[in-house]
Amino acid sequence: MDIISMEAKHTSGLYAKQPIAFVRGQGATLWDVDGNAYIDCSSGHGVANLGHANPKVAAAIADQATKLLTLFETFPNDQRALLMEKLTGFTPGLDRVFFCNSGTESVEAAFKFARISTGRIAIIATMRGFHGRTLGALSATWNKKYREYFEPLVPGFSHVPYNNIQALENAVTNETAAVILEVVQGEGGVYPADPEYLQAARRICTERGALLIIDEVQTGFGRTGKFFAYQHYDIVPDILCCAKSLAGGLPMGAVLIGERVKNLVPGAHGSTFGGNPLACAAANAALSVIEEEDLPGQAARKGAYLMEKLKAIQSPEIREVRGMGLMVGIELKQKVAPYLKALQEKHIIALNAGMTVIRLLPPLVITQEQLDQVVAALAEVLGAQA
Ligand SMILES: *Cc1c(COP(=O)(O)O)cnc(C)c1O
C-alpha cells in the first residue's frame with residue numbers, strides 16, 4: 001500500500017502534505033513506514049506532551065473501551081467525576097468544568113459563557129493571537145491567512161497589540177464581555193506575555209466587570225514549566241481554555257470556570273461527545289502521568305538547557321531565541337521553510353510559527369541525548385560557526 005499517494009489522491013487539499021508517512025511512535029521518537037526514526041519536535045502541534053504511546057494512557061483507553069465509551073453529560077459517570085476533581089485540583093479558584101472535544105470548541109464555549117454571564121457582546125483579542133478556526137474562535141484569531149474568504153465573522157470582536165497595557169486600558173470598557181489572551185502566543189510566533197501585562201489584564205477586567213479568558217490550549221499541561229502557564233504570573237483567570245495534551249493524545253477539550261462566571265443554566269450550551277468516559281479515562285491517566293513524572297519540572301529543566309544551547313549557536317541567520325519551558329521559538333532573519341525541510345532531512349520534525357520563526361514543541365519526555373541531536377542539527381542547517 002502506497003500511503004503517500006493514497007492520501008494525495010483523496011486529500012481535501014487543506015494540508016500541505018509532507019513526503020513522510022509515520023506509522024508508529026514512542027516517547028519523542030516517530031518511525032516512518034520504512035522503519036526510519038525521527039525526533040519529534042512538534043508533538044502533533046503540542047498534543048503529545050507525554051510522548052507517543054504512553055503505556056499508562058494506552059492501558060486506560062483499552063480498559064475503558066471494554067466498559068463504557070459514551071454517555072451524555074446529563075448522566076454522571078465515574079471517570080468524568082474523577083476527572084472533574086483531578087483537573088480542578090490543579091486550578092484553585094476554577095472549580096467548575098465544561099468538557100468538549102477540541103481547542104476551538106473550548107474557545108467557542110468560553111465566548112458563549114462570557115456573553116451569557118455578562119450580558120455584554122464585546123470581546124477583545126490580540127494581534128498575532130490564535131484561538132482556533134471555527135467561526136467564533138476565528139473571529140478572535142488575528143492572522144489574515146486564516147480569516148480571508150470567511151468574513152464577515154462574528155460581530156463584537158476587536159484586536160489590540162499584545163503586551164501593550166495602555167492598549168488594553170483604552171479598549172476595555174463597561175461594555176466588554178471578555179478579554180482573551182494566550183500566555184505565550186504560539187502560532188503567532190512564540191511570544192511570552194510580560195508579567196506586568198497579564199497582571200494588568202487581570203486588574204483591568206476586574207475593574208470593568210469583564211471576564212479574563214486565558215487560552216492555554218497550547219501552553220497547558222506542563223509545556224511551559226508549570227502545570228498551566230498562567231501559574232507563572234500570580235493571577236487566576238475567570239475562564240481557562242484547554243485541549244491538545246489534556247487526554248494524552250485523544251481528542252478532548254475543557255473549559256475551567258471561575259466564580260465570576262454566572263448564568264450557566266441547562267441548555268445554554270452542550271456537546272454530544274463532551275465528557276465521554278473514554279476521553280475522561282485517558283485524561284485521568286494523562287494527569288496522573290504528568291504528576292508522577294513531574295512533567296512540568298522536566299519541561300522547565302530541559303527548556304532551560306535547550307534555550308541555553310540554542311542561544312550559544314553562532315549563526316548569522318538567528319535574530320532571537322525566546323520561549324518558556326519546552327515551548328521555544330527561534331526567529332530567523334529569513335523564511336524558515338527551507339530550514340524546516342533541511343531539518344527533516346536530518347530526521348528532525350519541527351514547526352514554524354509564522355514565516356520567520358522555527359517553533360520547537362517536543363514531547364516533555366524528550367531525552368537529553370535527543371535534545372543534543374536537535375541542537376546539533378539546528379546549528380548545522382543554520383550554518384553556525386563551530
Ligand atoms: C491549537 C490551538 C487552538 C485550536 O485548537 P484545535 O484543537 O485545533 O481546535 C486554540 N488556541 C490555541 C492557543 C491553540 O494553540
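If you're wondering where the values come from, they're calculated on a predicted model, not measured in any experiment. Just follow the structure's listing: the first ligand is 1, and inside any ligand the first atom is 1.
Among Val184, Leu181, Val183, Asp215, the residue whose heavy atom sits closest to atom 11 (N) of ligand 1 is Asp215. Taking each of Met252, Lys244, His45 in turn, the one with a heavy atom nearest to atom 1 (C) of ligand 1 proves to be Lys244.
Considering backbone and side-chain N/O of Gln218, one or more are found under 3.5 Å from N/O of ligand 1. The shortest N or O to N or O distance between Val217 and ligand 1 is not under 3.5 Å. Inclusion of Glu187 in the set of residues having an N or O under 3.5 Å from an N or O of ligand 1 is not warranted. On a distance-only criterion, Glu105 and ligand 1 share no N/O pair closer than 3.5 Å.
Taking the centre and axis of the six-membered ring of Trp142, the NZ or CZ atom of Arg128 falls outside the cone set by 45° and 6.0 Å.
With respect to Glu108 and Lys112, no salt bridge is recorded, no charged nitrogen being found less than 4.0 Å from a carboxylate O. By the 4.0 Å N-to-carboxylate-O rule, Lys56 lies close enough to Glu292 to be salt-bridged with it. One finds no salt bridge joining Glu187 and Lys145 here, because no Lys/Arg side-chain nitrogen approaches an Asp/Glu carboxylate oxygen to under 4.0 Å.
Distances from atom 15 (O) of ligand 1 to the protein include at least one heavy-atom value under 4.0 Å.
With 3.5 Å as the limit, one finds no donor-acceptor pair spanning the side chains of Ser288 and Glu291.
Atom NZ in Lys86 sits 9.0 Å away from atom CD in Gln79 (nearest 0.5 Å). The CG atom of Leu250 sits 8.5 Å away from atom CE of Met252, with the distance rounded to the nearest 0.5 Å.
In terms of protein heavy atoms, atom 5 (O) of ligand 1 is closest to Gly103 CA, 3.3 Å. Protein heavy atom nearest atom 9 (O) of ligand 1, with residue, atom name and distance: Thr104 N, 2.8 Å.
Contacts between Glu182 and ligand 1 below 4.0 angstrom, taking non-hydrogen atoms only, involve the side chain exclusively. Within the 4.0 Å heavy-atom criterion, neither part of Arg133 lies near ligand 1.
The ring pair (Phe, Tyr, Trp, His ring centres under 6.0 Å) test with Tyr197 is passed by exactly one of Tyr230, Tyr233, Tyr162, Tyr191: Tyr162.
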